[in-house]
Amino acid sequence: MVVLDAIHRIQALHANDLACRWNCKAGKCGSCSMEINGRPKLACMTRLSDYDPEETITVQPMKTFPIIKDLVTDVSFNYEVNKRIPPFKPKPRDADGNYRMMQKDVDRIQEFRKCIECFLCQDVCHVLRDHRRQDAFAGPRWFIRLASLEMHPLDTADRVSQIKEDFGIGFCNITKCCTEVCPEGIHITDNAIIPLKERLADRYYDPVMWLMRKITGKDRKK
Ligand code: SF4
Ligand code: F3S
Ligand code: FES
């Protein structure tokens, strides 16, 4: 039995109007995110047997987002951020009409596509949760998406200045809390945020790269 089953039992027997969002019951839709004994988790993937039978299990809505009712929160902030991310812009096809990519480049971004948009990483990140910098910080889920676009071998758009100025990656101080709670095991900090920060450092703080840009007139994309 998982925590979501227990919530359904409570709904059936004691509180018919208890609000709880869920859909797949398989850890793949990202709907049932909540805080279980203070830790961001998917209710459908959290077994009651993981807890001591004598222990009280407390479920709460995600703290970072406004509550709609009971365990249901308003996560629309995330979709507003997503709308501001410049979309995939592929380079022209090769002369034979095909696209060619190195397998290692494909493999590198594959991990990011596992994101189920549960927003547990957004919930736990202190920049959004405690400092409430939704005005200036996109949050780890969106650095995953930005990394998947920036590292895409066919993409030609340049989002680096936006990642710095608009999405506020500088607020991230690499606490890695986001990585710890990701139910898909995505290495958010090491594989997405740090490489994006390195691109920023190349662009804005590396004198050699600055000189190269002056000489060639080009920015490093990959
Ligand atoms: Fe959830 Fe992981 Fe995606 Fe964050 S990166 S929204 S924790 S699946
Ligand atoms: Fe927040 Fe993750 Fe950075 S928790 S501070 S985005 S490492
Ligand atoms: Fe879909 Fe839990 S109900 S992830």
Side-chain angles (χ1 to χ4, degrees), residues 1-9 11 18-36 39-48 50 59 61-65 70-82 85 108-149 151 163-164 166-198 200-201:
M1 192 175 194
V2 294
V3 170
L4 185 60
D5 294 326
I7 291 170
H8 285 159
R9 183 78 64 89
Q11 281 176 327
L18 175 65
C20 169
R21 188 185 280 132
W22 65 282
N23 193 351
C24 70
K25 271 192 152 184
K28 287 299 164 203
C29 73
S31 305
C32 64
S33 302
M34 61 183 70
E35 298 186 11
I36 303 172
R39 200 172 160 77
K41 281 177 175 287
L42 296 177
C44 72
M45 299 303 286
T46 306
R47 294 185 175 283
L48 293 179
D50 292 346
V59 292
M62 288 192 285
K63 181 184 164 191
T64 295
F65 305 109
D70 302 331
L71 294 168
V72 178
T73 51
D74 175 4
V75 293
S76 56
F77 156 74
N78 294 293
Y79 304 117
E80 295 304 320
V81 175
N82 193 24
I85 296 178
R108 186 167 60 153
I109 56 172
Q110 198 67 29
E111 175 188 20
F112 305 144
R113 302 184 73 90
K114 293 194 300 180
C115 176
I116 57 171
E117 296 199 342
C118 63
F119 304 129
L120 292 175
C121 57
Q122 302 285 85
D123 181 46
V124 82
C125 178
H126 67 102
V127 183
L128 299 172
R129 184 182 180 93
D130 301 320
H131 303 292
R132 299 272 152 197
R133 291 312 310 265
Q134 277 80 344
D135 61 316
F137 185 67
R141 189 295 172 247
W142 303 112
F143 295 128
I144 288 285
R145 176 154 155 68
L146 284 157
S148 76
L149 290 163
M151 294 178 191
I163 290 168
K164 177 174 183 283
D166 187 13
F167 299 124
I169 200 168
F171 283 102
C172 166
N173 54 352
I174 315 288
T175 58
K176 298 198 177 189
C177 308
C178 50
T179 302
E180 283 173 23
V181 301
C182 178
E184 287 294 315
I186 302 170
H187 297 89
I188 304 172
T189 323
D190 288 347
N191 291 352
I193 294 177
I194 291 175
L196 289 178
K197 279 177 173 275
E198 286 171 351
L200 252 71

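Whatever order the structure lists them in is the order used to number ligands and atoms, beginning at 1. For the single chain, residues carry numbers from 1 onward in sequence order.
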Ligand 3 to C29, heavy atom cutoff 4.0 Å, flagged ligand atoms 1 (Fe), 3 (S), 4 (S)
Considering only distance and modelled atom types, tabulate donor-acceptor pairs under 3.5 Å from the side chains of residues 169-177, sequence neighbours left out.
| residue | atom | partner | partner atom | Å |
| --- | --- | --- | --- | --- |
| N173 | OD1 | H126 | NE2 | 2.9 |
| K176 | NZ | D190 | OD1 | 2.9 |
| K176 | NZ | D190 | OD2 | 3.4 |

So the protein N/O/S atoms within less than 2.8 Å of atom 1 (Fe) of ligand 1 come down to C118 SG
Interatomic distance, NZ@K41 vs CE@M34, rounded to 0.5 Å, equals 12.5 Å
**OP:** Compute whether any side-chain donor of one residue and acceptor of the other, for N82 and R145, lie under 3.5 angstrom apart.
**Re:** yes
ask   = Going by distance alone, is a donor N or O of one side chain under 3.5 Å from an acceptor N or O of the other, for E111 and N191?
value = yes
Quick note on ligand 2: atoms under 4.0 Å from a heavy atom of I174 include exactly 3 (Fe), 7 (S)
Short side-chain to backbone donor-acceptor contact, Q122 and T64, under 3.5 Å:
no
Rounded to the nearest 0.5 angstrom, the CD1-CG distance for I85 and L149 is 7.0 Å
To the nearest 0.5 Å, atom OG1 of T46 lies from atom CG of D5 at 11.0 Å
Rounding to 0.5 Å, atoms OG (S31) and CZ (R21) come to a distance of 7.0 Å
A student checking ligand 3 against C44 at a 4.0 Å heavy-atom cut-off should list atoms 2 (Fe), 3 (S), 4 (S)
**Prompt:** Is K63 paired with D130 through a side-chain N to carboxylate O contact shorter than 4.0 Å?
**Reply:** yes
Residue set satisfying ring pair (Phe, Tyr, Trp, His ring centres under 6.0 Å) with H187, at least two apart, ordered chain then number -> none
Value for CG (L196) from NZ (K164), rounded to nearest 0.5 Å, stands at 14.5 Å
Residue, atom and distance of the protein heavy atom nearest atom 7 (S) of ligand 2 read K176 N, 3.3 Å
Count of protein N, O or S atoms below 2.8 Å from atom 1 (Fe) of ligand 2 equals 1
In ligand 3, the atoms that come under 4.0 Å of a heavy atom of N23 are 3 (S)
- [ ] Give a yes or no on whether the backbone of C115 and the side-chain of E184 come within a donor-acceptor separation of less than 3.5 Å.
- [x] no
Taking only non-hydrogen atoms of C24 and a 4.0 Å limit, the atoms of ligand 3 in range are 1 (Fe), 3 (S), 4 (S)
For I188, the atoms of ligand 1 under 4.0 Å from one of its heavy atoms are 5 (S)
Ligand 3 to K28, heavy atom cutoff 4.0 Å, flagged ligand atoms 4 (S)
ask   = Angle class for the F119/Y79 ring planes (parallel below 30°, perpendicular above 60°, tilted otherwise)?
value = perpendicular
Here the gap from F143 atom CZ to F167 atom CZ, rounded to the nearest 0.5 Å, amounts to 8.5 Å
The closest protein heavy-atom partner of atom 4 (S) of ligand 3 is G30 N, 3.3 Å
So for M45 against ligand 3, with non-hydrogen atoms under 4.0 Å, the contacting part is neither
Here the atoms of ligand 3 under 4.0 Å from any heavy atom belonging to K25 are 1 (Fe), 3 (S)
Side-chain donor or acceptor of T73 paired with backbone N/O of P61 under 3.5 Å
no
If we number the atoms of ligand 3 from 1 as shown, the ones under 4.0 Å from a heavy atom of G27 are 4 (S)
